[in-house]
Amino acid sequence: TDETLSLADRAAKARQEEAQIFLSIHCNDFSTWLDPFDLEKREKTGYSFHHYRKPSDRLAQNLETSFGRLDLGGIKDNGILWSDFYVLREITIPAVLIESGYPIFPWQEDLLAVSPKFAKDYARAIAEALEDYIDGSAKP
């Protein structure tokens, strides 16, 4: 369903549902230090994978690898980052927050909000990463 939940409610719902994996998918926003029209800094305007606990690192790596195999319209990989985000900190299962791109740029907005091909490729990248992660978790 389409719900709006507070950060605390998202963490509580994951615990209540006994989730095994938690993904939080977002579009990036600019920090006050980043000028979106500074071409040099625009190099850092891509997708990224944030984790808080060490067990989430492999899930983030699987996501980054899967995204790297697909044509995501030239949106750059900003890598895997440790981040002290509430939803990651308050969940003890493997959890990754995905920042998808910057819709302030028209070319990224077209991909993120309009392109059916991009949406399909993006969903496929996440599904492949989850399959790889689960298969890897099952191995001794």
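We use all heavy atoms of the structure for the numbers below, so side chains are in, but hydrogens, waters and symmetry mates are not. Owing to the predicted nature of the structure, the values given are computational and were not obtained by experimental measurement. Just so you know, residue 1 is the first one in the sequence shown, and it goes up from there.
Residues Ile134 and Glu131 are not in side-chain contact: their nearest non-hydrogen atoms beyond the backbone lie 4.5 Å or more apart. At least one side-chain heavy atom of Leu5 sits under 4.5 Å from a side-chain heavy atom of Lys13. In this structure, Leu130 and Asn62 have side chains that are not in contact, with every pair of non-hydrogen atoms separated by 4.5 Å or more. Using a 4.5 Å cut-off on side-chain heavy atoms (C-beta onward), Pro94 and Tyr133 make contact.
Ion pairing between a basic and an acidic side chain is recognised when a charged N comes within 4.0 Å of a carboxylate O; Arg53 and Asp84 show no such pairing.
Considering CG of Leu59 and CD1 of Ile21, their distance stands at 6.0 Å, rounded to 0.5 Å. Distance check, rounded to the nearest 0.5 Å: CZ of Phe85 to NE2 of His26 gives 8.0 Å. Note that the CD atom of Glu64 and the CG atom of Asn78 stand 9.5 Å from one another [nearest 0.5 Å]. Note that CZ of Phe49 is 5.5 Å distant from CG of Leu63, once rounded to the nearest 0.5 Å. If you take CG on Asp132 and OG on Ser66, they are separated by 6.5 Å, rounding to the nearest 0.5 Å. For the atom pair CG of Leu81 and CG of Leu97, the computed distance is 10.5 Å after rounding to the nearest 0.5 Å.
Remark: the Ser83 side chain and the His50 side chain contain an N/O donor-acceptor pair separated by less than 3.5 Å.
Applying the side-chain contact (heavy atoms from CB on, under 4.5 Å) test to Leu7 and every residue at least two apart in sequence or in another chain returns Arg10, Tyr86, Val87.
Remark: the backbone N or O of Gln61 is paired with a side-chain donor or acceptor of Thr65 at under 3.5 angstrom. Side-chain N or O atoms of Glu90 include none that pairs as donor or acceptor with a backbone N or O of Leu88 at under 3.5 Å.
For an aromatic pair to be called close, the ring centres must be under 6.0 Å apart, and Tyr47 with Phe67 satisfies this.
Hydrophobic clustering (side-chain heavy atoms under 4.5 Å, transitive across Ile, Leu, Val, Met, Phe, Trp, Tyr) keeps Leu23 apart from Ile93.
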